[in-house]
Amino acid sequence: MKNHLFCFGLGYTALEVIRELNSLEPESWKYSGTKRNPANVPDKPIIEIIDFDDLIIIPKSVTHILLSIPPKEDGDIIYNRFLHQIKKLPNLKWIGYFSTTGVYGDYQGEWVDEQSLTKTENFRSLLRLKAESQWQSLTELAAVNIFRLSAIYGVNRSEFEKILSGRAQVIIKPNQFFSRIHVNDIAQIVAKAITFSATKEIYNLSDDYPCAQNEVTEYAYKLLNLTPPKPIAFKEAELSEIAQSFYLESKRVSNNKVKQGLGINLRYPTFKEGLQAIFKEIHES
C-alpha cells in the first residue's frame, strides 16, 4: 500500500515537501490536500487538490498529515473541525505541524534550542503554542512532529523580489538577529523526519548563520550589481505592524538537533549559498 500524504494547506512550503518526497520515492507516495484557490497549484498532475471549503471527509487511505494552516483567534481550524475524523483514520502513522520559532519570544540575541523556554508575548505565537500542544496530545494515534520554522525564503520569495519591486530597505538595529532557512532545506528535513517518525519531537528549522537582515539585503544588492539604498535606523523604517513585531524579538536559533538527530546536511548553510542559488535560477530561467 502506498503512503498517502494529506496536506492541510498546499502552500509554498508544503508543495516543496511534496516535490522532495516525489524526487526520493516517486512510486511510494500518493498526495492530496486543500487549497483555497486550487487553480494556483503548479503541481496538479501528482496532487489531488480539494478546495478547503469543499472538504467534508478526509480520505481513509491517509497515512501522513502535514498541517500548514496557521491558527486563528478561535484556535486551530483543522483541530477544531476535523479531529474526530483524524482519530478514526485506520492507517495514520505521522502528523507534522508547521509552527514558528516566534514561540520562544525575545532572547536579546542569545541562542535558543528546543529546550529553551517559550516565553513569547506575541498573540499569534501564543496561538501557535496552543496548537502545538493540541497536536502533541495525539501521540497515541501517530508520531507527532512539531517543526518550528525560522523565516522562510526561496525562489520567488527572497530579497530579490523586494529589491526589484522597490520595496527593499536596509534597516539597522543593533544586536538584532534573525534566523532563516531555505524552503528546500525545510523540505529535506521534513522528508527525513517522516522516515524517522519519532513519536513526539520538536525540531527547530534554521540555517547555520543567524544575522541582521541588513546583511542579507546588502548581499542581494551585490549579486544584482546594484547600489543599496542608504541604511536607515529601525525607528525610521516604514514597516507593517507585523514586520515591526519581528524586530521586537532577537534570537539565534540552533539547528543542532536536526543535524545530530536526523543526520541533516544543509544544502544552503547560510543565506549566501541560498541567494546565490536563487540568483542562478533566476538568470537561467
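The figures here come from the full heavy-atom set of this structure, side chains too, leaving out hydrogens, waters and symmetry mates.
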Would you check if there is a donor-acceptor pair between the side chains of Glu132 and Ser99 at a distance under 3.5 Å?
yes
Does any donor atom in the side chain of Ser245 or Arg124 lie under 3.5 Å from an acceptor atom in the other side chain?
yes
Do the side-chain N and O atoms of Gln276 and Tyr219 include a donor-acceptor pair separated by under 3.5 angstrom?
yes
Verify the ring-centre separation between His64 and Phe6: is it less than 6.0 angstrom?
no
Picking from Asp54, Asp53, Asp51, what satisfies salt bridge (charged side-chain N to carboxylate O under 4.0 Å, His left out) with Arg36?
Asp53
Do side-chain atoms of Glu161 reach the backbone of Ser158 as a donor and acceptor pair under 3.5 angstrom?
yes
Would you say Val62 and Asn91 make side-chain contact, with heavy atoms under 4.5 Å?
no
I'd like to know whether the aromatic ring centres of Phe178 and Phe246 sit less than 6.0 Å apart in this structure.
no
Measure centre to centre between the rings of Phe82 and Phe8, then say whether the value is under 6.0 Å.
yes
Exactly one candidate in Asp113, Asn204, Asp208 meets side chain to side chain donor-acceptor pair (under 3.5 Å) with Asn255; the answer is Asp208
Looking only at atom types and distance, does a side-chain atom of Asn145 sit under 3.5 Å from a main-chain N or O of Ala198, one as donor and one as acceptor?
yes
Testing the 3.5 Å rule here: is there a donor-acceptor pair between the side chains of Asn184 and Glu16?
yes
Just wondering, are more than 12 heavy atoms of other shown residues or ligands nearer than 6.0 Å to CG in Asn265?
no
Between the side chains of His4 and Thr63, does any donor sit under 3.5 Å from an acceptor?
no
How are the rings of Tyr104 and Tyr107 set to each other: parallel, tilted or perpendicular (split at 30° and 60°)?
perpendicular
Is the cationic atom of Arg157 (NZ for Lys, CZ for Arg) positioned less than 6.0 Å from the six-membered ring centroid of Tyr12 and within 45 degrees of its normal?
yes
Ring-plane angle category for Tyr247 and Phe234, please: parallel below 30°, perpendicular beyond 60°, tilted otherwise.
parallel
Please answer whether the main-chain N or O of Leu126 pairs with a side-chain N or O of Thr120 as donor and acceptor at a distance below 3.5 Å.
no
Give a yes/no verdict on a cation-pi contact between Arg252 and Phe177, requiring under 6.0 Å between NZ or CZ and the six-membered ring centre and an angle within 45° of the axis.
yes
Should the pair Trp94 and Phe147 be assigned to parallel (<30°), tilted (30 to 60°) or perpendicular (>60°) ring geometry?
tilted
